[in-house]
Amino acid sequence: MKPKILVSRKISDEYDGLISTSFDKLDKNFFDSLNGKLKIIGHVGVGYDNIHTQSAKEKNIKVSNTPNVLNDAVAEITILLILASSRRIGEAYNLVKSNAWRDHRPDITKLMVGNEITGKTLGIIGMGRIGQIVADRARAFKMKIVYYNRNKLANDLEKGATYYPDLKSMLPNCDYVSLHTPATSETKNIINSESLKLFPKHSVFINTSRGSTVDDDALIEALQNKKIYGAGLDVFNNEPNLDKRYLELENCFVLPHVGSATHETRLAMSMLAVNNIKCFFSQKPLLSEVV
Ligand code: DGY
C-alpha cells in the first residue's frame, strides 16, 4: 500500500497557502498539476525530502520548514532508542505483555541481560543542532562523544567531543552510532555493507533522521547475522510500509517515526508553520525559508 497523498488537488488549487506534513508527498507531479494559485507551503517538519523543492522554486512557490523547535524531542527519542536497544526493552516488554514471563526460569545471567550505556562511546554522524543536543543528553550518562561532520565544530560547541574527518576512522571506535543528517544525495545509503563492516560487533546503530540513509538489505543482514549487537530505528525507507524483515528481528527496536511527537513540540512546529505563512502574506521575510 502506498502512503496516502493527503493534500487534495482541490485544496492546492483553491488556496494561496498550504500546511503540509511528512505524510504528504509533494512531488514533481503535484507541482505540475497546480493551477497557479498556491503561493506558499508551510511544511510542518524540519526534513522536507517529501517536497520536490526544485519544482517549487520553478513555480515560484515558497517553502518553509520547522527547524530547531523539535531538537529536544528528537534528542529524547534518540536516547530512548539507545537505552531500549541496549537493554533489550522490546523483548522485555513483549515478554511481560504476552504473559510469557512466568514460564521463564529466573536465570539472572541470561534473562533479558543487555548492555549498559554508562561510559560507552557514542559516535554521532552529523553534529548539527540535534546531534549536539543528543551529545549533551548522552554526557549525562557519562558517554564519551565522538563525531563525524563535514566541518569540525568550534571548541565551545564541541565540548570535548573528538572529531573524525571521515566515517571510516570513526566507526571502529564506537559502541553506539547515531545518525543525525538530513536526507540528501550525499547521505543516501551512508549506512551500507561497507560502512557496516567497520562497526564493532557489540555496537548499536540508531536512526532518527531519515530511512534513505540506510541500505536496508545491508543493515538487516548485519542484524540477522549478529554482525552488530542491535539497532534502534524511528525512521525507515518507504514509511509506513517498512521492510517486514525488521519486524522479525529481536535485536531491532522499532518506532513509527515519532521523534518529534510530543504535545509541546508538535504545537511549536505547527505554530512555526502558521507564522511562516503569516509572514509571507504580510510581506515579511520567512522565519525558516527552504526555497
Ligand atoms: C521532521 O521534522 O522532519 C520529523 O522527522 C517529523 O517529520
Side-chain angles (χ1 to χ4, degrees), residues 1-74 77 126 128-130 180-188 207-213 234-242 256-291:
M1 202 183 74
K2 284 209 162 141
K4 262 194 188 158
I5 297 174
L6 296 181
V7 178
S8 74
R9 177 81 190 275
K10 201 161 150 40
I11 289 178
S12 45
D13 280 351
E14 283 183 12
Y15 292 87
D16 300 284
L18 180 76
I19 302 259
S20 64
T21 73
S22 56
F23 298 113
D24 302 309
K25 198 166 160 42
L26 306 184
D27 55 10
K28 189 170 181 318
N29 285 341
F30 165 81
F31 286 99
D32 285 346
S33 69
L34 293 175
N35 68 357
K37 186 156 174 69
L38 189 65
K39 296 171 187 64
I40 174 154
I41 298 171
H43 181 61
V44 181
V46 63
Y48 46 85
D49 45 309
N50 57 315
I51 303 177
H52 199 265
T53 49
Q54 184 57 35
S55 296
K57 215 171 166 177
E58 281 163 19
K59 305 260 171 195
N60 204 20
I61 296 172
K62 287 269 163 225
V63 178
S64 63
N65 68 341
T66 59
N68 295 323
V69 291
L70 44 58
N71 296 353
D72 288 316
V74 176
I77 278 286
R129 295 167 293 228
I130 295 176
H180 300 282
T181 57
T184 63
S185 51
E186 229 176 294
T187 61
K188 189 167 170 58
N207 194 3
T208 54
S209 80
R210 282 295 182 268
S212 63
T213 55
D234 183 43
V235 290
F236 299 89
N237 282 301
N238 199 27
E239 291 175 13
N241 304 307
L242 70 159
H257 199 152
V258 290
S260 63
T262 66
H263 293 293
E264 296 85 347
T265 292
R266 286 286 161 86
L267 178 62
M269 291 166 80
S270 306
M271 289 315 297
L272 182 50
V274 168
N275 287 330
N276 268 306
I277 290 191
K278 277 171 78 177
C279 283
F280 177 80
F281 289 109
S282 339
Q283 279 86 45
K284 290 188 188 140
L286 300 192
L287 301 168
S288 41
E289 176 173 329
V290 174
V291 290

Check against side-chain contact (heavy atoms from CB on, under 4.5 Å), Val44 and Phe23: CA-CA 10 Å; Val44 181; Phe23 298 113; over 6 Å; no
If you apply the rule side-chain contact (heavy atoms from CB on, under 4.5 Å), what do you find for Phe280 with Ile277, and how did you get there? CA-CA 5 Å; Phe280 177 80; Ile277 290 191; 5.5 Å; no
Applying side-chain contact (heavy atoms from CB on, under 4.5 Å) to Lys59 and Asp32, what does each step give before you reach the verdict? CA-CA 9 Å; Lys59 305 260 171 195; Asp32 285 346; 3.8 Å; yes
Verdict with reasoning, Ile61 to Leu18, per side-chain contact (heavy atoms from CB on, under 4.5 Å): CA-CA 11 Å; Ile61 296 172; Leu18 180 76; over 6 Å; no
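With hydrogens and angles disregarded, a donor-acceptor distance shorter than 3.5 Å links the side chain of Asp234 to the backbone of His257. Between the side chain of Ser282 and the backbone N or O of Lys284, no donor-acceptor pair lies under 3.5 Å. Although no hydrogens or angles enter the test, the distance criterion places no donor-acceptor pair under 3.5 Å between the side chain of Thr265 and the main chain of Ala261.
With a 4.5 Å cut-off on side-chain heavy atoms, Val74 and Ile77 do not count as touching. When side chains are defined from C-beta on, Ser55 does not count as touching Asp27, because their heavy atoms never get closer than 4.5 Å. With contacts defined as side-chain heavy-atom distances shorter than 4.5 Å, the pair Ile130/Leu70 qualifies.
For the residue pair Asn207 / Thr213, a side-chain donor-acceptor distance below 3.5 Å is found, with atom types taken as modelled. For the residue pair Asn276/Ser288, the side-chain donor-acceptor check at 3.5 Å is satisfied. No hydrogens or angles considered: a donor-acceptor pair under 3.5 Å links the side chains of His43 and Ser20.
Minimum heavy-atom separation, Lys37 to Glu14: CE-O, 3.0 Å. The two residues Gly42 and Ala273 have their closest heavy-atom pair at O-CB, 3.9 Å. Scanning both residues, Asp24 and Asn50, for their nearest heavy atoms gives O-ND2, 2.7 Å. Looking at every heavy atom in both residues, Gly211 comes nearest to Asn237 through O-ND2, 3.2 Å. The heavy-atom pair separating Ala73 from Thr262 by the smallest distance is CB-CG2, 4.0 Å. Heavy-atom minimum distance, Arg210 versus Gly47: NH2-CA, 3.4 Å.
Rounded to the nearest 0.5 Å, atoms CZ (Arg129) and CG (Asp72) are 13.0 Å apart. Taken from NZ in Lys62 to NZ in Lys57, the straight-line distance is 9.0 Å, to the nearest 0.5 Å. Going from atom CG of Asn60 over to atom CG of Leu38 covers 11.0 Å, rounded to the nearest 0.5 Å. The distance from the NZ atom of Lys28 to the CD atom of Gln54 is 10.0 Å, given to the nearest 0.5 Å. A distance of 9.5 Å separates CD1 in Ile51 from OG in Ser22, rounded to the nearest 0.5 Å. We find the OG-CG distance between Ser64 and Leu287 to be 8.0 Å, quoted to the nearest 0.5 Å.
The side chain to side chain contact (heavy atoms under 4.5 Å, CB included) with Tyr48 is formed by just one residue from the set Thr66, Thr53, Leu26; it is Thr53.
No more than 12 heavy-atom neighbours from other residues, nucleotides or ligands sit within 6.0 angstrom of OH on Tyr15.
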